[in-house]
Protein chains: 2
Amino acid sequence: MESKKLNIITNVLSAKKLKITHQRIVVYQAVMETNKHPSAEQVFERIKDNNPSISLATVYKTLETFVENELINKVSSPGGTMRYDAKRKHHNHIYITNTNEILDYEDEELSKILMNYLNKKKFSNLNITDIKLQIKGEKVNPSKGISIT
Amino acid sequence: MESKKLNIITNVLSAKKLKITHQRIVVYQAVMETNKHPSAEQVFERIKDNNPSISLATVYKTLETFVENELINKVSSPGGTMRYDAKRKHHNHIYITNTNEILDYEDEELSKILMNYLNKKKFSNLNITDIKLQIKGEKVNPSKGISIT
DNA sequence: CTCCAAATAAGAATTATTATTATTTAGTAA
DNA sequence: TTACTAAATAATAATAATTCTTATTTGGAG
């Protein structure tokens with residue numbers, strides 16, 4: 001199963017004509033394995049114990065390469081630093097201001113409503129590439145999670 | 001009329017119990033006068049010719065003071081730097097990726113739809129402080145403006 | 001197996017922002 | 001008005017995040 005996962009990654013990379021390197025595999029895995037929207041620094045922290053030779057600059061560059069190849073997303077956060085997340089289905093973000101977390105909020109119904117509404121508007125000279133909702137809030141109890149019904 | 005504008009500013013400042021200083025008046029005016037969501041650096045550029053003694057650090061600190069006192073907003077941008085804008089009616093942002101501009105998109109009807117939709121959802125442990133739409137796109141013709149109908 | 005364009009490591013450089021500290025000033029109260 | 005004090009500012013150092021540079025290494029085509 002480890003090798004299966006590895007296989008998926010190598011396929012993804014070669015589909016984008018990217019050289020398959022140990023660094024790229026490790027960084028890609030690190031971003032995929034978490035839903036925590038890590039910063040480059042956090043990706044580096046996550047991988048460095050098992051891969052002490054991978055440098056922070058490489059992590060930055062590798063992440064940037066993935067963004068250019070649309071394998072992951074790069075999002076700005078109210079905290080000021082850039083955060084990365086695995087590119088999956090379209091989703092919105094909830095910024096938790098008191099813990100600096102970014103949560104995903106997936107809501108297909110909402111996306112449809114938004115699409116639908118904005119399509120009726122005419123934006124001249126603008127080519128819209130993405131529409132997402134940005135919810136900002138704070139955890140009432142920072143040590144507990146958030147659930148949505 | 002200059003003095004009238006000045007009067008408005010001094011009233012705003014004293015309402016927040018902020019000392020009325022030349023630096024604050026100038027920075028406040030600079031942010032109010034543009035709808036371009038300037039960075040701290042851009043505010044500095046805008047004022048420095050007429051106020052060569054105001055330092056960049058003061059601009060940063062003054063803007064931060066205004067944010068704390070809810071006179072202006074601070075928003076992150078895909079470009080990575082923080083941008084400021086006059087706090088007015090609730091509005092959404094359109095990030096123009098090929099020119100790095102941030103446009104306002106005010107739409108009360110849309111806000112109501114969103115509020116309404118999200119109120120039906122139950123987010124436990126989350127105190128929502130802001131909901132805004134983030135539209136990303138690029139100008140087809142970078143030298144021209146964007147109009148919305 | 002060889003070769004070369006592309007990728008990486010290491011660290012310097014740059015950019016954005018915050019912190020420090022000595023000096024100045026707004027507002028208050030005599 | 002003047003004197004006082006807490007707050008604000010100027011100048012600059014420090015820090016944090018990110019990008020650049022360059023010498024070295026390596027994946028993969030042939």
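Since the model is a prediction, treat every value here as computed from it, not as a measurement. So that the names make sense, note that chain A is the first sequence line, chain B the second, and so on, each numbered from 1.
The distance between atom NZ of A:Lys61 and atom P of D:dT18, rounded to the nearest whole Å, is 16 Å. Atom NZ of A:Lys16 is separated from atom P of D:dG28 by 17 Å (rounded to the nearest Å). At whole-Å resolution of the value, CD1 in A:Ile25 and C1' in D:dG28 are 14 Å apart. With rounding to whole Å, A:Glu41 atom CD is found 13 Å from D:dT15 atom C1'. We find that CZ of A:Phe44 is positioned 14 Å from C1' of D:dA17, with the value rounded to whole Å.
At a cut-off of 3.5 Å, with distance as the only test, no side-chain donor of B:Ser77 or A:Ser76 sits close to an acceptor on the other residue. With no hydrogens or angles considered, a side-chain donor-acceptor pair links B:Asp104 and B:His37 at under 3.5 Å. Side chain to side chain, A:Lys87 and A:Asn73 meet the donor-acceptor criterion of an N or O pair below 3.5 Å.
Following chains of ILVMFWY side-chain contacts shorter than 4.5 Å, one can reach A:Val67 starting from A:Phe44, so the two form part of one hydrophobic cluster.
By the neighbour-count criterion of 12 heavy atoms within 6.0 Å, atom NZ of A:Lys139 is densely surrounded, having more than that number from other residues, nucleotides or ligands.
Comparing C:dT8, D:dG28, C:dG11 against the side chain of A:Thr58 picks out C:dT8 as the nearest. Side chain of A:Thr62, nearest nucleotide from D:dC20, C:dT8, C:dA26: C:dT8. Checking C:dA10, D:dT9, C:dT8 against every side-chain atom of B:Arg24, the shortest atom distance belongs to D:dT9. Listed nucleotides D:dA17, C:dA7, D:dT9 differ in distance to A:Tyr60; the shortest reach to its side chain belongs to D:dA17. For A:Ser55, whose side chain is taken as the heavy atoms from C-beta onward, the closest listed nucleotide among C:dT18, C:dA10, D:dT9 is C:dA10.
Of the two residues contacting DNA chain C, namely B:Lys19 and A:Ser53, the nearest-nucleotide position lying further toward the 5' end is that of A:Ser53.
Listed by residue number, the members of residues 64-85 of chain A with any heavy atom below 4.0 angstrom from DNA chain D are A:Thr81, A:Met82.
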